[in-house]
S.K.: 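Let me give you the structure first, and then I'll get to my questions.
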Number of protein chains: 2
Amino acid sequence: MLSQTEENYLKAIYSIGISNGKNINTTLISRKLKTKPSSVTDMIRKLAEKDLIYYEKYKGVSLTQSGKKIAIDIVRKHRLWEVFLVNKLNYNWDEVHEMAEQLEHIKSDTLVGRLEAFLDFPKHDPHGDPIPDENGNIAQHKNVMLSSLEINSSGVVIGVKDSSSSFLQFLDNSNIKLGDTIKVIAKEDYDNSILIENKLQTKSISQQISANLFVKKI
Amino acid sequence: MLSQTEENYLKAIYSIGISNGKNINTTLISRKLKTKPSSVTDMIRKLAEKDLIYYEKYKGVSLTQSGKKIAIDIVRKHRLWEVFLVNKLNYNWDEVHEMAEQLEHIKSDTLVGRLEAFLDFPKHDPHGDPIPDENGNIAQHKNVMLSSLEINSSGVVIGVKDSSSSFLQFLDNSNIKLGDTIKVIAKEDYDNSILIENKLQTKSISQQISANLFVKKI
DNA sequence: ACATATTTTTAGATTAATCTAAATTTTTGA
DNA sequence: TCAAAAATTTAGATTAATCTAAAAATATGT
Ligand SMILES: [Mn+2]
Ligand SMILES: [Mn+2]
Ligand SMILES: [Mn+2]
Ligand SMILES: [Mn+2]
């Protein structure tokens, strides 16, 4: 049985692998987990000992098959609990991450599956992130950002790259939400801001915003 | 912020207080938590330091006001999660304790309250135990056992004293459940077994069974 | 009452996860 | 290429929670 700490290291390694490609080094892990590099070295030696990661001194790490399976299962639990909190307990999407960080570590052979069925097998969490199935299969984002849309083309908002509370609250205040169809009306070369239009409004958003919204072109 | 271990000690002390009156000593705590008495001594010194328990060397412990508040809050969370698991995820009443042992430690200022509302403010958990309100008020069992009923009197089963899986499964197999009205038909002096009748059957049960069923006389 | 049994505490060790400071290895760029 | 910078590992310490063994205090029973 893995400790919560070990599970968090595996999850961190998995998520760094998704965003930073294959260069997963000590510093990146320590930054993600807010620990010191020396602590990371200790832990990765332990995880390597348990055959959950490959590790060569000074060369960084990568997940083994079984390490990846566990990491994805934690992600699965995290996202299903987030759906529960938003859909059933009426939390807002900016409030659920910390609770899900705890709930993802609940140990049970059957709980995730029951939860998933109770939630009617959702495919995405409240932030648009895909929910892995019980075998660890996970549909990856196509990674089309709103910032990359041409003028006069439209897209449906399907996810956020940054799920910080502050960004999510900004979106709430800007009346932009998942499922919105957004059309790009104009682009400003000077600062790469864009003028967009959804059902409710026409407004200008900075590149920092448009580069953190995943869309599906239509 | 208390550790899970500290919370478990407070809960154990609370529950020993409920069943064994006010004599809460090191050995009882160690037995409840499956630790050694020396470990208990260490922890109770720590909890006393934090003013969560009163402790005098060699004299046992008792909860302070704030310690009791915390203990009851853990009990509240435990029982509400059990209701969730049974009522929403369709678990049987003998399957939920271990999961609730973990879920009771999830930290959030708002989660229990939201959960309680989602469950429609249940008053009892799946084993008939009362659920404390948000202020820590808790309706105590009247502690009438089925074994104490007179011949020809009846009672409604409102709880179990023993919530072990084996006892709960025994009740399932015996077609006895919470809410059943049970009439005592006869008593056997030799072994204190009793003949009972509910909607489905007439059957004999041993004193070990009848002394573990709480009833409300009617 | 007091010797013996039981309970509780103390002393010292262990394990997991972390840290700081120092040593080592790798990377960078003049 | 090779010295300086950066990253990584090692050494040694700390904290929480546990344990075993021994010492001290309390309880028990004749
Ligand atoms: Mn999250
Ligand atoms: Mn999410
Ligand atoms: Mn329980
Ligand atoms: Mn219960």
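Quick note on labels: first sequence line is chain A, next is B, and so on, each numbered from 1.
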S.K.: With A:K50, which residues qualify under side chain to side chain donor-acceptor pair (under 3.5 Å), at least two apart?
M.R.: A:E6
S.K.: I'd like a list of close polar pairs between nucleotides 22-25 of chain D and the protein, N/O only, cut-off under 3.5 Å.
M.R.:
{"unit_1": "D:dA25", "atom_1": "O4'", "unit_2": "B:Y58", "atom_2": "OH", "d": "3.4"}

S.K.: Over 60° means perpendicular and under 30° means parallel, so tell me whether A:H78 and A:H97 are parallel, tilted or perpendicular.
M.R.: tilted
S.K.: With a 4.0 Å cut-off on heavy atoms, is B:T41 in touch with a base, just the backbone sugar-phosphate, or nothing at all?
M.R.: base
S.K.: Under 4.0 Å between a side-chain N/O of B:S39 and OP1 or OP2 of D:dT18, yes or no?
M.R.: no
S.K.: Taking only N and O in the side chain of A:S38, is any of them less than 4.0 Å away from OP1 or OP2 of D:dT8?
M.R.: no
S.K.: Looking at A:Y9, does any N or O in its side chain come under 4.0 Å of the phosphate oxygens OP1/OP2 on C:dA16?
M.R.: no
S.K.: Can you tell which of C:dT9, D:dT9, D:dT20 lies closest to the side chain of B:K36?
M.R.: D:dT20
S.K.: Check whether more than 12 heavy atoms from other residues, nucleotides or ligands sit under 6.0 Å from atom CD of B:E188, and answer yes or no.
M.R.: yes
S.K.: Would you say that B:T41 contacts B:K57 through its side chain, given a criterion of any heavy-atom pair below 4.5 Å between the two side chains?
M.R.: no
S.K.: Within this structure, what is the CD-to-P distance between A:E49 and C:dA16, rounded to whole angstrom?
M.R.: 12 Å
S.K.: Is any side-chain N or O of A:Y55 closer than 4.0 Å to OP1 or OP2 of D:dT8?
M.R.: no
S.K.: Answer whether the closest heavy-atom distance between the side chains of B:V160 and B:N212 falls below 4.5 Å.
M.R.: no
S.K.: What's B:N25 touching, base or sugar-phosphate or nothing? Going by heavy atoms closer than 4.0 Å.
M.R.: sugar-phosphate
S.K.: Tell me whether B:E101 is salt-bridged to B:K11, with the criterion being a basic N under 4.0 Å from an acidic carboxylate O.
M.R.: yes
S.K.: Return the 5'-most residue of the pair A:K57, A:T5 with respect to DNA chain C, ranking by each residue's nearest nucleotide.
M.R.: A:T5
S.K.: To the nearest angstrom, how far is A:D42 atom CG from C:dA16 atom P?
M.R.: 12 Å
